[in-house]
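Residue numbers run from 1 in the order of the sequence given.
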Amino acid sequence: MITLINMKFLDVLYYNYYNFYAKSKMDPTPFLTTTLTLSFSESFLVSGVIDFISTSCYCHSIGKFTMLIITGVILILNYFAYQHNGKAQKIIHDRPKFFTSQSISVWITLFFFFITTSWLFWWPIYSKNILDHCR
């Protein structure tokens, strides 16, 4: 059940990211850009949660190299999940939505994107404060 919810969530994100890049008409490869954007958003979330747990519980930050590995693994997994097996075209054809509402889906996608991207800016400051209290 949880896996289905997670996959639907990612499918809706993928569809809305694709709509943004396809409508911008400046991107010649919206499928690739969509996969990259979704991968980076997911990797910011996963790296952030792992770093939060590591910093809060063990007084140790995971480091940039570990974050790059997490990003690479998620990028490869998303490539095989969406591009390699043709799931991307199926998602675009099915047009998944949250609560059968496109406007709610867009707002949730924007919220997810801004939260995960903002992690890049505020997490280093917060992490430094946590590590300062550990010493």
Side-chain angles (χ1 to χ4, degrees):
M1 177 72 178
I2 292 175
T3 305
L4 291 174
I5 293 170
N6 291 342
M7 289 308 294
K8 179 176 170 65
F9 181 75
L10 294 177
D11 291 350
V12 173
L13 291 178
Y14 190 93
Y15 176 70
N16 286 312
Y17 286 167
Y18 176 82
N19 274 343
F20 174 77
Y21 289 115
K23 289 179 181 176
S24 70
K25 298 190 192 245
M26 295 177 62
D27 188 8
T29 57
F31 283 106
L32 177 63
T33 308
T34 302
T35 303
L36 290 172
T37 305
L38 181 63
S39 298
F40 284 117
S41 293
E42 289 174 318
S43 69
F44 294 154
L45 179 67
V46 171
S47 295
V49 169
I50 291 172
D51 199 30
F52 174 76
I53 292 169
S54 174
T55 306
S56 298
C57 297
Y58 304 108
C59 290
H60 177 69
S61 184
I62 62 173
K64 294 175 189 163
F65 187 69
T66 306
M67 290 181 189
L68 287 174
I69 290 173
I70 291 170
T71 302
V73 167
I74 290 175
L75 184 61
I76 290 168
L77 290 174
N78 278 343
Y79 170 76
F80 282 109
Y82 291 103
Q83 298 294 319
H84 188 68
N85 65 4
K87 185 177 178 184
Q89 287 83 6
K90 183 181 180 302
I91 290 171
I92 302 309
H93 181 265
D94 291 346
R95 300 175 184 227
K97 298 176 186 79
F98 292 121
F99 310 111
T100 65
S101 172
Q102 183 60 29
S103 61
I104 292 174
S105 299
V106 169
W107 281 108
I108 291 173
T109 302
L110 285 171
F111 181 74
F112 180 79
F113 179 77
F114 287 126
I115 291 297
T116 56
T117 304
S118 72
W119 197 288
L120 288 170
F121 302 105
W122 64 266
W123 177 248
I125 297 165
Y126 187 71
S127 174
K128 183 181 180 304
N129 287 337
I130 292 174
L131 290 175
D132 285 344
H133 286 91
C134 288
R135 298 178 190 161

Inset, instruction - Determine whether Ile108 and Phe9 make a side-chain contact, defined as any pair of heavy atoms from C-beta on separated by less than 4.5 Å. - result: yes
Inset, instruction - Decide whether Phe112 and Phe44 are clustered together by the hydrophobic rule: side chain heavy atoms of Ile, Leu, Val, Met, Phe, Trp, Tyr closer than 4.5 Å, transitively. - result: no
Legend entry - Short side-chain to backbone donor-acceptor contact, Asp94 and Pro96, under 3.5 Å: no
Legend entry - Results of ring pair (Phe, Tyr, Trp, His ring centres under 6.0 Å) for Phe114 - residues two or more places apart only: none
Legend entry - Hydrophobic cluster identity match, Ile70 and Ile53, side-chain contacts under 4.5 Å: no
Inset, instruction - Using the six-membered ring wherever Trp is involved, compare the ring planes of Trp122 and Trp119 and label them parallel, tilted or perpendicular (cut-offs 30° and 60°). - result: tilted
Legend entry - Backbone of Phe52 reached by a side-chain donor or acceptor of Ser56 within 3.5 Å: yes
Inset, instruction - Nearest 0.5 Å please: distance from the OG1 atom of Thr34 over to the CG atom of Asn19. - result: 8.5 Å
Inset, instruction - May I ask whether Leu75 and Val49 are part of the same hydrophobic cluster, defined by side-chain heavy atoms of I, L, V, M, F, W, Y residues being less than 4.5 angstrom apart, directly or through others? - result: no
Inset, instruction - Determine, using the 4.5 Å side-chain heavy-atom cutoff (strictly less than), whether Ile130 and Phe121 are members of one ILVMFWY cluster. - result: no
Legend entry - Minimal non-hydrogen separation, Ser105 against Asn16, with atom names: O-ND2, 3.4 Å
Inset, instruction - Using ring pair (Phe, Tyr, Trp, His ring centres under 6.0 Å) as the criterion, list what pairs up with Phe80, not counting sequence neighbours. - result: His84
Legend entry - No-hydrogen, no-angle side-chain donor-acceptor test under 3.5 Å, Tyr21 and Thr37: yes
Inset, instruction - Give a yes or no answer on whether the side chain of Lys8 reaches the backbone of Lys97 with a donor-acceptor pair at less than 3.5 Å. - result: yes
Legend entry - Within-4.5 Å side-chain heavy-atom neighbours: Tyr14 and Thr35: yes
Legend entry - Interatomic spacing from CD1 in Ile74 to OG in Ser39 - rounded to 0.5 Å: 7.5 Å
Identify all side-chain donor-acceptor contacts of residues 59-69 below 3.5 Å with residues at least two apart in sequence or on another chain.
unit_1	atom_1	unit_2	atom_2	d
Ser61	OG	Asp51	OD1	3.1
Thr66	OG1	Ile62	O	3.0

Legend entry - Gap separating the OH atom of Tyr79 from the CG atom of Leu32, nearest 0.5 angstrom: 9.5 Å
Legend entry - Stepwise side-chain contact (heavy atoms from CB on, under 4.5 Å) check, Tyr15 with Asp11: CA-CA 6 Å; Tyr15 176 70; Asp11 291 350; over 6 Å; no
Inset, instruction - Starting from the C-alpha separation in whole Å, work towards a yes-or-no answer on side-chain contact (heavy atoms from CB on, under 4.5 Å) for Leu10 and Glu42. - result: CA-CA 9 Å; Leu10 294 177; Glu42 289 174 318; 3.0 Å; yes
Inset, instruction - Calculate, to the nearest 0.5 Å, the distance between atoms CD1 and OG belonging to Ile115 and Ser41 respectively. - result: 11.5 Å
Legend entry - Under 3.5 Å: donor-acceptor pair, side chain of Thr109, backbone of Leu13: no
Inset, instruction - Give, for atom CD of Gln89 and atom OH of Tyr82, the distance between the pair rounded to the nearest 0.5 Å. - result: 13.0 Å
Inset, instruction - Check Ala81 against Asn85 and note the closest heavy-atom contact, atom names and distance. - result: O-OD1, 2.9 Å
Inset, instruction - Would you indicate whether Phe31, at its atom CZ, is surrounded by more than 12 heavy atoms from other residues, nucleotides or ligands within a distance under 6.0 Å? - result: yes
Legend entry - Joint cluster assignment, Trp107 & Val12, ILVMFWY side-chain distance < 4.5 Å: yes
Inset, instruction - Could you tell me the separation between the OG1 atom of Thr55 and the CD1 atom of Ile50, rounded to the nearest 0.5 Å? - result: 11.5 Å
Legend entry - Nearest heavy-atom neighbours spanning Thr117 and Phe113: OG1-O, 2.8 Å
